[in-house]
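Data block below; observations after.
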There are 2 protein chains.
Amino acid sequence: MSPRSSHETARVIPEATVARLPVYLRALTGLAEQGIATCSSEELATAAGVNSAKLRKDLSYLGSYGTRGVGYDVEYLRYQIAREIGVTHEWPVVIVGIGNLGHALANYSGFRSRGFRVVALLDADPARHAEIVAGVAVRPFADLDAVVHEHSVAIGVIATPPTAAQDVADRLVEVGITSILNFAPGVISVPEGVAVRKVDLSIELQILAYHEQRKAAGDPDAVDPAVTFPAAGGDK
Amino acid sequence: MSPRSSHETARVIPEATVARLPVYLRALTGLAEQGIATCSSEELATAAGVNSAKLRKDLSYLGSYGTRGVGYDVEYLRYQIAREIGVTHEWPVVIVGIGNLGHALANYSGFRSRGFRVVALLDADPARHAEIVAGVAVRPFADLDAVVHEHSVAIGVIATPPTAAQDVADRLVEVGITSILNFAPGVISVPEGVAVRKVDLSIELQILAYHEQRKAAGDPDAVDPAVTFPAAGGDK
DNA sequence: TAGATTGTTAATCGATTAACAATC
DNA sequence: TAGATTGTTAATCGATTAACAATC
């Protein structure tokens, strides 16, 4: 036995692998829904849109959850990945900025089934405070502190206009939020130790435009970006 | 002079660089709006949330658009990057699936200013066909072919429920769309030569949950993912 | 035992970074 | 000329991939 505890999690999982674990989790859920009990790395890789060598390498960072000659037990592997990601319990999240996008996020049913629960919707505009979206009341942004402490919220979503994003981020950090998903265009800066991920619709379209333009120019090297960079659907 | 034409674009730009060009473009637009005419790589890097060595390396793939000892002309560099990305003219796009998210996308004003114009909103549900969103009428999905050919659309956005996504993708490809931005969870498969990018809200949250969990576990190696993987806001 | 498939190794490829010569 | 800053080199780091020994 190793000198470390058996409930060991000290192995470092590469960031590229971390970003794919949720993809594998979703693929496994899909297989389970089809009533498939066992799968090979090849089958799971196809379902997840990656190649099987990469899948096996990724899974090897978590442990040995497969059986040589047989494959993986879908339910068992699903649980192990969920545990590794940390979505065996629900994470409370707050959404700030209940405009068009905030509405869409609040109504997104996929959050609940994937480990997240929207505990509060906050907006600075008093005109929105009457509203109830997806069963949750829109509250003043000033309620942030109370909400975060009441529900022990660690994750915040920014869906405000870009001009408000940095102020909102500062306030989120002040009240103890340590992970932020930012939908507002532009860079927000946060202290060390606070995680930020960014979703930017125009940037995604511009990346597509670049490749589209190369194709239009008849460039023989214009490749399918789906096979090359982040979480895209293409296989290879 | 090189043996190739002077209107040369044959240099291959790494995918990681391509994904950052839109970030630089946005940062330059921000500087221009502040009335700043010239900036150093250090200043632009800060505004874009990257380090200056990476910025200069990235820009070097486009050409030599700076002046040693001085820096970059904001307006000139902005134009050069816009040209490289291909957003000096507008790209017509169609959005398929006008639910909550489709509405939010249709209303997103940022598209227009960043090189995209929504020329059609399509939905399979006849109940939605009466509606006009952001000045654009919602039309039957069957109109896809007509719309795409009328406006020479190359880019399609999928905002349908996950069950419809693959069928919609197949149809988009059939009518000649070669770039797809997919908001529906799950993998869609497309033929070689069609570019797909994917935005998945739950996956982003799950990546944050993973890091949040590591922090909670008191893991000393738990790092800020903002500094590590794709287009995130953190500087370093 | 024979066939199948994992988990791991090692080679390759691509991205990042620091340092600095070139040059304004 | 002296100071500033780019563009590029080269070293390092991390991610991907093919191949295969281990083993069910």
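Every chain is numbered from 1 and lettered A, B, ... according to where its sequence line falls, protein lines coming before strand lines.
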Please tabulate, one pair per line, all N/O donor-acceptor pairs under 3.5 Å involving side-chain atoms of residues 167-177 of chain A, not counting sequence neighbours.
residue  : atom : partner  : partner atom : Å
A:Asp170 : OD1  : A:Gln166 : NE2          : 2.8
A:Arg171 : NH1  : A:Glu174 : OE1          : 2.5

| request: Would you give a per-nucleotide map of nucleotides 18-24 of chain D, 5' to 3', where B means the base has a protein non-hydrogen atom under 4.0 Å away, S means only the sugar-phosphate does, and - means neither? | output: BB-BBBB
Rounded distance (Å) that lies between atom [atom2] of [N] and atom [atom1] of [X]:
| X | N | atom1 | atom2 | result |
| --- | --- | --- | --- | --- |
| B:Asp58 | C:dG14 | CG | C1' | 13 Å |
| A:Leu55 | D:dT16 | CG | P | 12 Å |
| B:Leu44 | D:dT5 | CG | C1' | 14 Å |
| A:Glu15 | C:dA15 | CD | C1' | 15 Å |
| A:Leu59 | C:dT5 | CG | P | 16 Å |
| A:Ile13 | D:dG14 | CD1 | P | 15 Å |
| B:Arg20 | C:dA15 | CZ | P | 8 Å |
| B:Glu43 | D:dA4 | CD | P | 13 Å |

| Starting at the 5' end of DNA chain D, which residue's closest nucleotide do you reach first, B:Tyr72 or A:Thr17? | B:Tyr72
Side-chain touch [X]/[Y], heavy atoms, less than 4.5 angstrom:
| X | Y | value |
| --- | --- | --- |
| A:Arg114 | A:Tyr108 | yes |
| B:Leu59 | B:Tyr72 | yes |
| B:His211 | A:Glu15 | yes |
| B:Thr38 | B:Thr67 | no |

| said: Any side-chain N or O of A:Ser41 below 4.0 angstrom from OP1/OP2 of C:dT6? | reply: yes
| task | Mind checking the CG-CG spacing from B:Leu55 to B:Leu44? Nearest 0.5 Å is all I need. | result | 5.0 Å
Sequence neighbours excluded and cut-off under 3.5 Å, please list the side-chain donor-acceptor pairs for residues 89-97 of chain A, or say none.
residue : atom : partner  : partner atom : Å
A:Glu90 : OE1  : A:Arg117 : NE           : 3.3
A:Glu90 : OE2  : A:Arg112 : NE           : 2.7
A:Trp91 : NE1  : A:Gly86  : O            : 2.7

| said: Taking any heavy-atom pair under 4.0 Å as a contact, classify B:Tyr61: base, sugar-phosphate, or nothing. | reply: nothing
| request: Give the nucleotide from the list D:dA15, C:dT8, D:dT17 with an atom nearest to the side chain of A:Lys54. | output: D:dT17
| task | Under 3.5 Å for both distances, Watson-Crick or G-U wobble, that's the pair rule; now give the dot-bracket for DNA chain C, with | marking pairs to another strand and [ ] for crossing ones. | result | ..||||||||||||||||||||||
| message | So, using salt bridge (charged side-chain N to carboxylate O under 4.0 Å, His left out) as the criterion, who are the partners of B:Arg26 when residues are at least two apart? | response | A:Asp200
| request: Quick one: list whatever passes salt bridge (charged side-chain N to carboxylate O under 4.0 Å, His left out) with A:Arg68, sequence neighbours left out. | output: none
